[in-house]
**Student:** 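Take this structure, written in structure tokens, and hold onto it; I'll ask about it next.
A, B, ... follow the sequence lines: proteins, then strands. Residue 1 opens every chain.
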Amino acid sequence: MNSPAPSPSEKGSFGSAAAMKRLKQRHRAEMRFKLYGQLAIGIAIVALVTLLISIFGQASSAFSRNVLTFDVRLDAEQVDPSGERDPEAIARNVSGFNLLLQDNLAEDFLPGETDRARLRELYGMFTRLAVLPIARKTAENPEIIGTGQEFRVALADDIDLYLKGGVSERKSLKLGEIQDVTGTLDDGIDVTFADMKAVEDLRSALETFRERSEGDNQPAALIQLGETWFRLQDIDGRTASLTYLAGASTMPAAGTNASTLVLEQSEENRTVSDRQIAWTMLLKEDGRVKSVFNTSLFSHSDSTYPELAGTAAAVVGSLWTMLVTALLAIPVGIFAAVYLEEFATKNRMTDLIEVNINNLAAVPSIVFGLLGAAVFINFLGLPRSVPLVGGLVLGLLVLPTVIIASRAALKAVPPSIRDAALGVGASQTQAVFHHVVPLAAPGILTGSIIGMARALGETAPLLLIGMVAFVAEVPDGPTDESTVLPVLIYKWSTGAERAWEPQTAAAIIVLLVFLVLMNLIAIILRRRFERRW
Amino acid sequence: MDGNVEDFTETRPKQAHTMSEMIKVDCRNIDVFYGDKQAIYDISLAIQDRAVTSFIGPSGCGKSTFLRCINRMNDTIETAKVSGQIYMDGADINDHSIDPVLLRSRVGMVFQKPNPFPKSIYDNIAYGPRIHGLASGKQELDEVVESALRKAGLWDEVKDRLQAPGTSLSGGQQQRLCIARAIAVSPEVILMDEPCSALDPIATARIEELIDELRERYCIVIVTHSMQQAARVSQRTAFFHLGKLIEYGDTEQIFTNPVDSKTQDYITGRYG
Amino acid sequence: MDGNVEDFTETRPKQAHTMSEMIKVDCRNIDVFYGDKQAIYDISLAIQDRAVTSFIGPSGCGKSTFLRCINRMNDTIETAKVSGQIYMDGADINDHSIDPVLLRSRVGMVFQKPNPFPKSIYDNIAYGPRIHGLASGKQELDEVVESALRKAGLWDEVKDRLQAPGTSLSGGQQQRLCIARAIAVSPEVILMDEPCSALDPIATARIEELIDELRERYCIVIVTHSMQQAARVSQRTAFFHLGKLIEYGDTEQIFTNPVDSKTQDYITGRYG
Amino acid sequence: MDYQCGRMLETFGHLPVAWLLFAVLAVAGFVSFFAGRTQAVTVGHGQTERLNSQPNYHGYFVAMATIGPAAVILVLYALFGDSIVRAQLASELPQRIRDLGSLELGQYIDRISEQAARRDAASTGNALFDAATSRYTDLLGLSRIIAVLAALAAAGLGFFFARRQLSVHFRARSRVEDGIKFMLFLCAGIAVLTTIGIVASLFFEAMRFFSRVSVFSFIFGTEWNAQTGADFGAIPLFFGTFMIAFLAMLVAAPIGLLSAIYLSEYASPRFRGVVKPILELLAGIPTVVYGFFALQFVAPIVRAGANWVNGLPFVPDGLLAAQPTSALAAGIVMGIMIIPFVSSLSDDVINAVPQTLRDGAYAIGATKSETVKQVVMPAALPGVIAALLLAVSRAIGETMIVVMAAGQRAQITPDPTADLTTITVQIVALLTGDTEFDSAKTLSAFALGFVLFIVTLIFNLIALRVVQRYREKYE
Amino acid sequence: MARNEAYMSEHIVTAFTDELEHLSANLLRMGGLAEAMINDASRAVVTYDLELARQVIKRDKSIDELEAEAEKAIIRLIALRHPMAADLRAVLGAMKLAGDIERIGDLCKNIGKRCLELTGDENRAAVKGIERMSRAVSHQLQMALDAYLRQDVDAAIRVLELDDDIDDHYMSFFRETLTYMMEDPRQIGSNTHLMFMAKNLERIGDHATNIAKAVYYMVTGETATGDHVEARLKQSGGAG
Amino acid sequence: MARNEAYMSEHIVTAFTDELEHLSANLLRMGGLAEAMINDASRAVVTYDLELARQVIKRDKSIDELEAEAEKAIIRLIALRHPMAADLRAVLGAMKLAGDIERIGDLCKNIGKRCLELTGDENRAAVKGIERMSRAVSHQLQMALDAYLRQDVDAAIRVLELDDDIDDHYMSFFRETLTYMMEDPRQIGSNTHLMFMAKNLERIGDHATNIAKAVYYMVTGETATGDHVEARLKQSGGAG
């Protein structure tokens with residue numbers, strides 16, 4: 001093979017047998033290598049898809065919300081005890097409205113009940129602060145006081161979660177007609193079911209749940225007979241002993257159709273009681289509990305109650321913060337880039353600045369938080385938790401990103417353009433501002449937007465300057481106390497109640513929408529104006 | 001006396017007469033498309049062995065594209081589509097049974113810009129023989145490397161620093177290293193795509209000299225921007241224009257008495 | 001009869017005799033350092049007006065560096081240090097009182113790669129006159145643009161699409177656009193740094209033709225890689241080697257009968 | 001007269017003076033620009049080519065000379081004016097208030113300024129306070145009048161002298177350009193100031209910490225109980241940090257590198273056009289989202305997995321800690337987060353390898369993978385290493401994922417399913433909520449931050465240096 | 001030269017075309033001069049006009065100078081323009097042309113010199129022979145130059161054919177003069193001169209033939225020994 | 001040619017150097033042939049060896065062929081190698097040389113042809129004169145070729161000086177032969193031939209001079225009419 005030309009025997013064929021064998025091996029190695037690459041990309045994509053699915057899956061339930069409808073007369077006594085029709089006083093009179101609705105509910109379900117525990121259970125169907133919108137609405141239109149109005153109130157988070165299937169695994173079964181009823185509502189009744197098979201189904205359902213759960217958990221079964229809900233105490237053959245839960249206080253008649261709701265978790269293991277479930281089911285049949293789109297997620301500010309919490313304040317806080325960030329980082333970043341790329345003479349000083357900026361871009365974001373805490377808050381005495389400080393910190397954080405992106409864009413403009421301008425007698429500044437910067441503008445803009453997107457998603461440094469504070473009001477300016485979306489997400493994710501989970505996921509989606517928008521703009525800009533030299 | 005007359009021309013073999021016997025690569029009806037754009041129109045061309053054939057023509061005339069058909073480098077460009085037959089020693093290189101990887105070990109290529117691998121000089125040369133299993137031991141490999149470097153006229157310049165990186169050489173040396181690298185896998189054909197366009201006149205002259213020496217062993221095809229270079233190094237010249245082969249013949253004839261008026265105009269600096 | 005003899009040579013003014021009167025740029029004892037490295041060694045050279053002077057030499061010989069002294073483009077390179085005097089019409093251009101920016105409007109420059117601004121053809125030309133306030137109204141500017149394009153022989157090709165981007169032109173047209181751009185600020189000297197090295201032979205010939213035409217109005221200095229080009233376009237040729245000026249004289253003499261053996265060796269393709 | 005004057009002072013004390021000044025400066029700028037421009041045209045006798053610089057530049061120059069000094073004065077006033085007024089007011093207050101001590105005095109004056117800001121505020125009844133308030137308003141007004149007058153004077157002087165300079169040969173352009181360059185330089189300086197700020201704040205706070213806790217026990221201590229202020233041994237934190245970073249790199253390095261290779265060498269432009277943005281999407285997701293993902297999705301799986309392993313017959317019971325938050329969960333998710341970082345950096349590096357090298361390899365009959373492995377990768381190696389170093393640095397400094405998914409327990413254990421804590425987690429834990437800047441607990445966060453900064457700095461410096469060398473090679 | 005061929009457009013570098021045309025024009029001027037010299041020389045012999053003979057002798061210097069200039073221009077062209085293909089042939093052909101015309105000038109000068117040696121009372125028949133020959137030769141040269149001007153191969157071939165006539169002229173003149181010399185030994189001296197003049201004219205004819213050959217080469221790129229000219233050239237081979 | 005000048009190293013492209021040397025060697029071979037032809041032709045005349053004369057006539061064809069080859073090689077060189085400066089001069093000089101040597105061949109052939117017309121009983125004195133002249137001319141040619149081989153300007157100048165001698169030789173031969181012719185009119189025919197032979201030899205001398213001039217030009221780049229040669233050339237100007 002070492003000879004310059006091949007032997008004649010090789011003419012017409014390509015390669016010896018040994019070479020062909022070797023070639024086969026080489027091609028196999030080729031395929032393997034290619035496969036590794038595909039695998040890697042597959043893993044990365046699967047990870048992304050999993051992430052998105054898990055978040056969207058969680059979030060989907062947060063975008064709908066169950067509301068409880070009330071049809072009440074706004075009793076002036078309760079709503080406006082002072083009688084002055086002072087809007088502020090009305091809006092602040094949360095307890096008055098609360099009582100009004102509580103009474104309305106109690107009238108329907110527990111008329112004349114005095115057991116405070118039982119009442120509290122009923123009142124737990126919604127949270128006190130949920131009446132706030134009603135109060136505000138009334139305050140705006142005081143003339144509706146005294147008239148009958150229909151109101152919608154957010155259902156308590158646990159019950160909402162229960163309806164969305166979050167509290168316990170459950171199973172609905174039709175039990176068919178009942179043959180026979182004995183006993184009283186107060187002491188418990190025994191019913192005999194006509195359909196043995198249905199009873200078997202119920203039993204097996206209970207059994208399955210029991211097997212599935214750990215420890216001493218006893219699955220529960222709620223049975224509906226007509227308008228009344230009972231709790232299943234025991235079942236023996238076709239006869240079940242039931243106790244009264246809620247609903248019409250009438251003995252069910254034989255022949256009534258029965259249905260059951262089997263719950264995996266026993267009452268003790270749940271945040272929702274059997275009775276509350278029964279009430280909810282009754283309200284639902286009445287059409288008073290309905291699932292609606294969760295507008296409060298966008299219109300409300302933060303709240304200690306997940307069903308009332310929204311992202312409005314955080315979104316506005318983020319916007320204020322971004323405004324400050326943009327005002328600091330973009331002009332300064334671009335000018336600094338122009339200076340370094342076009343004017344700075346190469347010496348140790350500029351080398352130092354250069355190294356310094358590159359390093360700064362790679363400094364962990366939390367360090368900027370420390371800087372903000374130490375300099376802006378401790379040293380300069382600026383207030384904590386305000387967009388001004390957050391914006392400054394984030395501005396410094398993305399400054400190197402903007403500088404580097406701008407420099408890259410400036411560098412991409414070929415030196416021949418500068419030469420050309422200098423060659424016709426333009427000064428350096430003219431060459432830069434007439435030619436180089438306009439040509440680099442799309443790149444600079446793209447870089448700036450991407451930098452801003454990064455700032456928008458940044459969390460850690462803001463934690464350290466106190467932007468994690470609870471903010472119930474939409475901030476009016478950069479010096480108002482506020483929080484930002486990512487921090488809100490962090491805060492919600494640490495919430496103890498399970499209802500925070502979908503809420504957090506929903507907030508994440510709001511954040512992602514903003515980010516996707518910004519990146520889309522950047523991509524469009526890049527596609528539209530990108531110039532290859 | 002007549003003997004003397006013969007003697008005077010002996011440095012130039014009379015190719016015209018012996019051509020048919022010495023054809024190494026026979027291209028027939030080659031069309032090349034880049035996407036929808038046709039770059040080469042039905043070119044047929046037979047390239048002689050042990051001679052330098054040069055492709056000339058104004059830029060965009062398809063000479064490089066055509067060159068890259070011969071070792072199927074157009075395969076690496078996704079939009080490129082080649083049709084027609086190219087026979088090398090009678091075998092169609094576009095046949096499915098022909099592996100481009102093996103083909104390229106028989107048809108070496110040298111590029112416009114010297115592109116040594118970022119490895120030592122030794123490894124630059126040894127890389128090809130290694131992947132093709134052309135040397136079975138360290139000693140044999142050493143021999144292959146030395147022989148390739150010698151043939152490329154680079155041995156004396158680098159023998160004391162075979163472990164130095166290939167990129168440490170000067171531009172002209174780098175290009176000769178690339179030629180040595182191509183030679184090391186014992187090709188039969190060497191394609192050169194404007195091998196001197198990135199070099200200064202002195203380095204260019206060295207490469208031309210080398211090409212002239214290599215002609216004795218290989219079939220060399222060179223694409224060049226410079227008519228002068230084609231005139232200097234090649235025995236046969238093909239003139240391309242707008243993707244078509246306008247004229248193909250002995251270099252001397254092309255440069256002193258071209259048949260086609262387009263060739264004439266191009267060569268004499270008239271145009272169109 | 002003698003009249004006829006004269007007539008035969010009339011296309012070539014006998015520069016040698018009238019030189020001293022027609023000197024445009026007079027460089028004296030120029031040294032250039034890049035950092036610690038000396039790139040130009042004590043070069044003195046007088047460039048004639050209304051003639052093409054070419055600088056030739058192997059790469060790295062300092063011809064481009066020297067060219068860039070003439071419009072102080074070396075000022076833009078930080079490490080470059082130029083010493084010596086360059087008199088243009090008797091004024092030392094390196095003097096502190098001379099603004100390099102203004103100097104560059106009197107000494108135009110054309111670069112190796114065509115570098116039109118990514119703007120319209122019109123704006124490419126109009127930019128220089130605009131920043132220098134050479135035209136006071138739209139109409140006057142139009143005239144400047146047209147005149148520059150005409151002088152660069154590009155008017156007929158682009159007059160119908162002055163608003164098309166300059167980069168949409170072909171390579172050769174782009175280079176002529178760059179020449180027009182240089183002309184538009186009415187310079188006295190035009191420096192060209194290998195203006196054809198990125199172009200194909202046809203475009204090159206067009207540029208050479210243009211240079212030949214422009215010679216009647218300007219003092220042109222051209223750096224070229226190609227001796228042939230220097231031979232074709234220039235009346236005077238300077239041969240540089242290792243940062244030194246080896247020989248400077250009439251092009252014809254340099255190419256047919258150079259005085260210095262280094263020039264001889266370079267021109268005939270021998271070397272060192 | 002006196003009254004008039006007082007009214008004026010008071011009015012000025014209340015005016016939204018910033019906007020007014022802005023408007024005045026803008027007008028001054030315009031006026032001076034046109035004045036300069038017109039004068040230049042006159043000087044050049046209408047022939048602009050006779051001028052050294054174009055008329056516009058003369059205009060800019062005059063405007064610059066007019067606005068510049070005024071703006072400097074106003075900026076100085078904005079920075080120090082308030083303190084001067086306060087100092088003056090403090091010196092005028094009765095002795096007993098001045099004796100209060102700086103803190104309370106400051107608060108007292110704060111109250112005064114708040115009161116003064118309310119224009120229609122009723123009397124508080126406290127005569128001294130009311131008097132001080134009105135005095136404060138007057139002082140403020142006076143200082144503003146002085147500042148504005150000074151600014152106007154400076155503007156006038158600037159305008160005057162600038163116009164005197166204009167002539168045919170005056171190099172207005174270079175003067176204006178010098179001004180622009182100076183402004184650009186100031187902007188570049190901010191980046192440096194930031195670094196100085198970081199280093200200084202971290203350093204001084206860390207020094208304060210080390211004056212209470214010895215450096216040695218901080219760096220080599222193995223017990224960390226900062227919340228109680230008892231133990232400040234940071235070894236467990238270092239361990240946790242590097243453990244998680246290591247796990248992250250285990251995920252990110254091969255996946256990122258291989259996908260970069262596949263995308264740049266194998267993928268069709270269409271595939272690349274689709275997949276590359278998808279990978280970049282991973283980079284665009286905020287870390288807090290990753291943290292949530294780690295906490296809600298990955299951690300339970302890791303825990304379940306650990307439990308399953310523990311349940312295997314030949315595995316000793318409780319081999320794995322199987323905590324609800326674990327280093328492994330954080331590591332995996334952090335790895336996913338870093339994939340695009342590694343892949344896009346490597347992609348850049350691989351793309352920077354010139355096509356001619358690949359052509360060279362193909363031309364001697366190398367297959368694609370041989371070309372990649374033996375030509376492209378060796379050429380790209382320095383860049384790839386740098387990319388990995390930068391990724392490690394990123395992993396070390398990453399905060400939200402570990403805060404949410406790694407846990408709080410400072411321990412040293414090789415078990416990846418145990419919960420570990422990291423430097424960043426502790427910084428967040430120590431500095432969230434109300435903090436006083438004087439406790440060792442708070443200061444320890446700065447000491448940790450200092451360590452974090454130094455460590456990442458070293459990684460970055462090495463990586464950037466390597467990258468720069470690499471780029472220089474191929475540019 | 002190129003201007004006469006339809007397919008050949010101008011060079012992109014017009015200076016090149018200019019130079020080539022300048023060269024060609026100069027050669028034609030030289031040719032015209034030579035033609036005039038032939039006629040004048042023969043007239044000087046026939047009319048025994050010694051003044052004219054002296055003029056002819058003097059005029060050779062102009063042709064020599066023009067030839068030197070042309071040669072310089074040719075070297076310039078080759079060195080600076082690198083002519084190729086047809087251009088190269090044109091330039092090298094021009095070089096030959098210039099050489100041939102210069103030789104014609106020399107030969108005319110020689111005729112002039114010999115004219116000065118004559119006595120004025122030579123055999124009229126012999127003198128007539130010279131006149132006749134010179135007319136033929138001058139015509140041949142004119143045709144050759146015309147072929148050059150028009151780059152006309154056929155015209156060039158016709159010139160080649162003419163050469164035989166001139167050779168015949170010369171041979172008969174030679175024999176005739178030999179007879180006169182034998183008849184009248186006193187005329188040996190002057191007749192010898194006439195004989196040499198005739199020889200010179202014959203040689204001028206050869207040079208005209210050479211010019212035609214050069215034209216043939218310029219246009220076709222083949223030396224005028226190709227198959228289709230051979231037959232016509234067979235007889236006129238070799239120097240006289 | 002280049003090999004003889006110390007400062008001139010080889011071309012980087014050795015093929016170029018090879019071709020130039022080949023060309024030069026070929027010209028020298030042609031020159032050698034021509035020299036031999038001169039000697040043989042004169043021997044044929046002196047010994048009245050008609051066979052030798054015929055050989056000489058035949059040999060001219062070889063020289064013609066060699067000249068055609070050389071000319072082709074020169075065109076090749078110019079077209080493909082673009083010689084510059086000294087190389088260009090060498091190539092163009094070679095072209096002149098080839099032409100001159102070819103002419104020498106022609107002239108020798110002409111002597112051979114005229115030899116066939118002789119009777120063998122010519123005036124011995126005249127024949128001796130031819131022999132003497134041919135020896136001088138042959139020597140001159142040899143010196144010119146030597147100057148070419150060694151690229152020696154001084155040698156070339158010496159050749160130019162020699163030309164005067166040959167012209168003197170010719171003039172005396174011319175007068176002498178004229179006398180013989182008048183003395184013996186029967187010999188007019190053969191003596192005329194001898195006279196033309198002498199004229200041919202004189203012209204061969206001119207060509208040798210041309211070769212020397214070409215050498216002078218190749219080496220110095222100046223035509224051999226420069227100041228320092230002028231004085232020596234004054235007498236030998238113009239064609240004989």
Side-chain angles (χ1 to χ4, degrees), chain A residues 26-27 29-30 33-34 36-38 40-41 43-45 47-48 51 54-55 58 332 335-336 338-340 343 353 355-360 362-367 370-371 373-375 378 396 399-400 403 427 429 453 457-460 463-464 468 486 489-490 493 501 504 508 511 515 519, chain D residues 173 177 180-181 183-185 187-188 190-192 194-195 197-198 201-202 205 254-255 258-259 261-262 266 275 278-279 281-282 284 286-289 292-293 295-297 336 339 367-370 390 393 396-397 399-400 404 424 427-428 431-432 437 445-446 449 452-453 456-457 460-461 464:
Chain A
R26 289 167 64 194
H27 278 305
E30 174 79 20
F33 190 70
K34 202 170 165 184
Y36 295 151
Q38 286 164 335
I41 288 178
I43 292 173
I45 291 177
L48 176 70
L51 187 150
S54 76
I55 286 170
Q58 292 242 32
V332 171
F335 288 154
V338 169
Y339 179 77
L340 292 173
F343 294 104
I353 296 181
V355 170
N356 167 44
I357 286 172
N358 285 332
N359 271 317
L360 210 53
V363 165
S365 60
I366 194 164
V367 171
L370 290 171
L371 169 80
V375 174
N378 189 26
L396 294 181
L399 184 61
I403 293 178
S427 69
T429 314
E458 200 54 71
T459 319
L463 294 180
L464 303 193
V468 69
I489 291 165
Y490 168 64
S493 75
E501 284 175 22
T504 311
I508 284 176
L511 177 63
L515 289 176
N519 281 298
Chain D
R173 200 200 56 243
E177 286 171 355
I180 293 174
K181 275 184 230 169
M183 190 196 71
L184 297 180
F185 172 75
C187 287
I190 289 184
V192 182
T194 308
T195 309
I198 288 176
S201 58
L202 293 182
E205 303 291 338
I255 294 180
L258 283 170
S259 43
I261 288 172
Y262 186 83
Y266 283 94
V275 170
I278 291 180
L279 286 186
L281 214 61
L282 278 173
T287 54
V288 68
V289 178
F292 180 71
F293 177 62
L295 180 67
Q296 292 294 328
F297 189 83
I336 293 171
I339 287 172
T367 63
K368 225 165 199 180
S369 64
E370 286 162 350
L390 284 176
S393 152
I396 291 171
T399 310
M400 291 321 291
M404 293 165 83
T424 51
I427 293 174
V428 170
L431 277 185
T432 350
F437 275 86
F446 285 93
L452 182 65
F453 180 73
T456 53
L457 184 74
N460 296 340
L461 276 179
L464 291 171

**Student:** State which residues pass ring pair (Phe, Tyr, Trp, His ring centres under 6.0 Å) with F297(D); sequence neighbours excluded, sorted by chain then number.
**Tutor:** F293(D)
**Student:** Decide yes or no for T195(D) and N359(A): does some side-chain heavy atom of the first lie under 4.5 Å from some side-chain heavy atom of the second?
**Tutor:**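 A side-chain contact is absent here, since even the closest heavy-atom pair is not under 4.5 Å.
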**Student:** Would you mind checking which part of Y36(A) comes under 4.5 Å of any heavy atom in chain D, side chain (CB onward), backbone (N, CA, C, O), both or neither?
**Tutor:** both
**Student:** Walk me through it: do T429(A) and R173(D) pass the test side-chain contact (heavy atoms from CB on, under 4.5 Å)?
**Tutor:** CA-CA 9 Å; T429(A) 314; R173(D) 200 200 56 243; over 6 Å; no
**Student:** Any side-chain heavy atom of P364(A) within less than 4.5 Å of one from I396(D)?
**Tutor:**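 Side-chain contact under 4.5 Å: no.
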**Student:** Against chain A, label I278(D) side chain, backbone, both or neither, depending on which of its atoms sit under 4.5 Å from a heavy atom there.
**Tutor:**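 It is both, since atoms from each part get that close.
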**Student:** Strictly distance-based, threshold 3.5 Å: is any side-chain N or O of E30(A) a donor or acceptor partner for the main-chain N or O of S369(D)?
**Tutor:**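 Pair found, side chain donor or acceptor close to backbone of S369(D).
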**Student:** Measuring heavy-atom distances to chain D, does L48(A) have an atom under 4.5 Å in its side chain, in its backbone, in both, or in neither?
**Tutor:** both
**Student:** Please flag which part of L461(D) lies under 4.5 Å from any non-hydrogen atom of chain A: side chain, backbone, both or neither.
**Tutor:** both
**Student:** Taking every heavy-atom pair that is under 4.5 Å apart, which of T504(A), L370(A), N519(A), N358(A) has the most such pairs with chain D?
**Tutor:** L370(A)
**Student:** Considering only heavy atoms and a distance below 4.5 Å, find which of V289(D), T456(D), I180(D) pairs most often with chain A.
**Tutor:**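 When all of V289(D), T456(D), I180(D) are compared, V289(D) has the most.
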**Student:** Under 3.5 Å, side chain of E177(D) to main-chain N/O of S427(A), donor-acceptor pair present?
**Tutor:** no
**Student:** With only heavy atoms counted, which part of L457(D) is less than 4.5 Å from chain A, the side chain, the backbone, both or neither?
**Tutor:** both
**Student:** Only pairs of heavy atoms separated by less than 4.5 Å count here; which of I339(D), I336(D), I255(D) has the most with chain A?
**Tutor:** I255(D)
**Student:** Sort out for me which of I489(A), I45(A), L51(A), I55(A) touches chain D most, counting heavy-atom pairs under 4.5 Å.
**Tutor:** L51(A)
**Student:** Please identify, among P400(A), A29(A), A362(A), the residue contributing the most non-hydrogen atom pairs under 4.5 Å to chain D.
**Tutor:** A362(A)
**Student:** At a heavy-atom distance under 4.5 Å, which candidate from L295(D), L390(D), I198(D), L202(D) has the highest pair count against chain A?
**Tutor:**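 When all of L295(D), L390(D), I198(D), L202(D) are compared, I198(D) has the most.
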**Student:** Among V355(A), V338(A), L396(A), which residue forms the greatest number of heavy-atom pairs with chain D at distances under 4.5 Å?
**Tutor:** L396(A)
**Student:** Quick test of your reading of the model: are E370(D) and R26(A) salt-bridged, counting only N-O distances below 4.0 Å?
**Tutor:** yes
**Student:** Checking K181(D) against Y339(A): charged group under 6.0 Å from the ring centre and within 45 degrees of the axis?
**Tutor:** no
**Student:** Using non-hydrogen atoms and a 4.5 Å limit, figure out which bit of A453(A) sits close to chain D: side chain, backbone, both or neither.
**Tutor:** neither
**Student:** Need one label for P486(A): side chain, backbone, both or neither, based on atoms under 4.5 Å from any heavy atom in chain D.
**Tutor:**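 Contact with chain D is through both the backbone and side chain of P486(A).
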**Student:** Is there side-chain contact between M400(D) and T424(D), with at least one heavy-atom pair below 4.5 Å?
**Tutor:** no
**Student:** Does G397(D) offer a backbone N or O that forms a donor-acceptor pair with the side chain of T399(D) under 3.5 Å?
**Tutor:** yes
**Student:** I need the residue from V367(A), I403(A), V375(A) with the largest number of non-hydrogen atom pairs under 4.5 Å to chain D.
**Tutor:** V367(A)
**Student:** If I measure from the heavy atoms of chain D, does Q58(A) come under 4.5 Å with its side chain, its backbone, both, or neither?
**Tutor:** side chain
**Student:** Are any non-hydrogen side-chain atoms of P286(D) and L515(A) less than 4.5 angstrom apart?
**Tutor:** yes
**Student:** Check whether F33(A) gets within reach of chain D through its side chain, its backbone, both or neither, counting any heavy atom under 4.5 Å.
**Tutor:** side chain
**Student:** Side chain, backbone, both or neither: which part of V275(D) has a heavy atom under 4.5 Å from chain A?
**Tutor:** side chain
